[in-house]
Protein chains: 2
Amino acid sequence: MDPFSFAVAADLVVLTIRDRALHVLLVERGIEPAARAWALPGGFVLADEDVEAAAYRELAEETGVAAGIHLEQVRTYGHPARDPRGRVVSVAWLALAPDLAEPFAGSDARSARWWPVAAVESGALPLAFDHVAIFADAVERARAKLEYSALAMAFCPPEFTIAQLRAVYEAVWGVPVDPRNFHRKITGAPGFVEPTGTLSREGGRPAQLFRAGPVGQLQPPLTRLGH
Amino acid sequence: MDPFSFAVAADLVVLTIRDRALHVLLVERGIEPAARAWALPGGFVLADEDVEAAAYRELAEETGVAAGIHLEQVRTYGHPARDPRGRVVSVAWLALAPDLAEPFAGSDARSARWWPVAAVESGALPLAFDHVAIFADAVERARAKLEYSALAMAFCPPEFTIAQLRAVYEAVWGVPVDPRNFHRKITGAPGFVEPTGTLSREGGRPAQLFRAGPVGQLQPPLTRLGH
DNA sequence: ACAATAGTGTCTATGAGACATTATACG
DNA sequence: CGTATAATGTCTCATAGACACTATTGT
């Protein structure tokens with residue numbers, strides 16, 4: 001038996017925050033299989049292409065940007081019957097982006113748009129293939145990693161206020177976060193964020209702007225359960 | 001271009017505890033490429049085989065057992081040049097086992113044995129292909145996951161004492177753990193372990209035996225840094 | 001009795017979580 | 001001066017971490 005008979009795909013769970021809620025990028029498939037169904041953006045890895053490079057390429061094709069977007073591998077899905085076209089093993093990636101423009105429909109897609117994560121989680125919007133499981137794993141990864149890492153800053157522009165960062169936590173976790181405790185903890189963690197010295201001005205009192213610091217871990221972590 | 005030209009491999013990082021130290025299962029390769037080099041056990045996924053089933057199959061071939069061994073996916077490695085035989089994408093798995101008998105050398109291996117993790121981490125024992133990176137990622141996963149999960153029990157037989165469980169933490173982290181604080185925390189976490197009612201007898205005062213409880217998460221976590 | 005291991009209680013210091021007021025800008 | 005948002009301090013309670021002695025068995 002020739003072992004060189006698999007196709008490898010990169011599928012993307014691209015998350016962003018719009019209107020204070022977590023959204024995921026989905027494409028409406030234009031061709032069979034599963035034409036007209038909503039699915040995660042993705043595609044085959046090319047013969048001489050790194051699997052991570054394939055993920056960046058797909059990301060750029062759908063969103064128009066790739067630089068400055070956080071991308072990390074989630075896991076690989078390889079049930080023999082997961083794709084009707086043949087033996088396709090899919091490497092899933094989690095991408096986190098600041099609020100972007102409207103996405104592009106790639107070559108095989110009828111359309112592409114941001115959907116609220118809650119719509120997919122409620123089951124109101126079914127996804128093609130095994131994409132619901134991939135989606136759920138990726139969202140759980142993002143929620144868990146906010147607790148102990150600088151991942152939330154991947155949803156923000158390079159300079160952001162503490163209130164913006166707090167809004168990320170509230171959107172991703174779907175729970176309110178106390179402004180005072182949050183401010184104390186974030187600014188008190190050495191090297192986690194550093195002030196730029198400038199101020200934002202929009203509405204009320206101007207806020208300090210911060211950028212990501214050199215320390216990517218938050219020790220001790222935040223907790224989302226309020227145990 | 002035909003996308004169906006990849007091979008998919010399952011590579012295993014099998015960890016166990018012997019002589020109070022963390023050990024990893026390695027095979028000495030018997031055939032090219034990298035003949036006579038030490039490598040992680042693994043092999044190609046078969047044409048109609050689930051990637052997880054392939055990992056279990058390789059595990060059984062090397063160790064003689066598969067039931068009752070914890071197995072979880074780590075990540076996938078897909079650089080185009082990582083394997084000289086062609087385009088091989090490797091899905092890495094972390095397996096945790098109680099102290100097992102000596103391993104078997106599979107069909108393509110000259111020999112197989114347990115090596116101390118420290119020997120690989122120090123660089124004293126080089127590994128073939130990109131297996132050092134895979135190994136490092138898997139060990140870090142295991143160390144991190146002990147903090148907040150029941151993963152340590154995967155290194156123990158079905159019934160174990162608190163002191164045995166503590167020895168797992170000390171072996172995996174390589175740091176001493178206070179017996180009193182550990183006992184208080186483990187037995188105080190509701191549903192994490194449950195007493196069997198029987199006692200172990202070996203040496204000194206008999207110890208209570210426990211089995212894994214229904215709760216797989218430890219909240220709040222243990223910390224390995226003693227921050 | 002002695003050796004070996006299990007099991008436990010207390011104190012201190014730190015951090016989580018709850019909560020209301022003052023500060024700064026814009027119109 | 002009203003409105004909008006940012007920023008902060010204090011108190012209480014829980015738990016992490018340090019630490020030494022008593023209990024139970026086998027030889």
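Naming convention: chains lettered A, B, ... in sequence-line order (proteins, then strands); numbering from 1 in each chain.
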Colleague: Between C1' on dG7(C) and CG on Leu165(B), what's the gap in Å once rounded to a whole number?
Modeller: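 Rounded to the whole Å, the gap is 16 Å.
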
Colleague: In whole Å, what is the span from the OH atom of Tyr169(B) to the P atom of dA16(D)?
Modeller: 13 Å

Colleague: Less than 3.5 Å between a donor and an acceptor, one on the side chain of Arg205(A) and one on the base of dA6(D), is that the case here?
Modeller: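 Side chain to base: pair present.
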
Colleague: Contact list please: residues 172-199 of chain B against DNA chain D, heavy atoms, distance less than 4.0 Å, in numerical order.
Modeller: Asp178(B), Arg180(B), Asn181(B), Arg184(B), Lys185(B)

Colleague: Is it true that a side-chain atom of Tyr56(B) and a backbone atom of Ala66(B) form a donor plus acceptor pair closer than 3.5 Å?
Modeller: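 Checked: no pair found.
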
Colleague: Nearest whole angstrom, please: distance from the C1' of dA16(C) to the CZ of Arg224(A).
Modeller: 18 Å

Colleague: Using whole Å, what does the distance between atom C1' of nucleotide dA6(D) and atom CZ of Phe160(A) come to?
Modeller: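 Those two atoms, CZ and C1', are 16 Å apart.
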
Colleague: In terms of side-chain geometry, is the basic nitrogen of Glu147(A) or Lys185(A) positioned less than 4.0 Å from the acidic oxygen of its partner?
Modeller: no

Colleague: Would you say dG17(D) has OP1 or OP2 under 4.0 Å from some side-chain N or O of Thr223(B)?
Modeller: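 Answer is yes, contact under 4.0 Å.
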
Colleague: Nearest heavy atom decides the nucleotide; on that basis, is Leu209(B) or Gly204(A) closer to the 5' end of DNA chain C?
Modeller: Leu209(B)

Colleague: Hey, does the Lys NZ or Arg CZ of Arg180(B) hover above the aromatic six-ring of Phe182(B), less than 6.0 Å from the centre and inside 45° of the axis?
Modeller: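 No; the conditions do not both hold, so Arg180(B) does not lie above the ring face of Phe182(B).
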
Colleague: Look at Arg211(B) together with Glu194(B) and state whether they make a salt bridge at an N to O cut-off of under 4.0 Å.
Modeller: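 Yes.
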
Colleague: Nearest whole angstrom, please: distance from the P of dT5(C) to the CD of Gln208(B).
Modeller: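 The answer, rounded to whole Å, is 19 Å.
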
Colleague: For a side-chain hydrogen bond (donor to acceptor under 3.5 Å, both in side chains) check, start with the C-alpha distance between Asp137(B) and Tyr77(B), then their side-chain angles and the critical distance, and finish with the verdict.
Modeller: CA-CA 11 Å; Asp137(B) 289 347; Tyr77(B) 299 81; 2.5 Å; yes

Colleague: Would you call Glu72(B)-Arg141(B) a salt bridge at under 4.0 Å N-O?
Modeller: yes

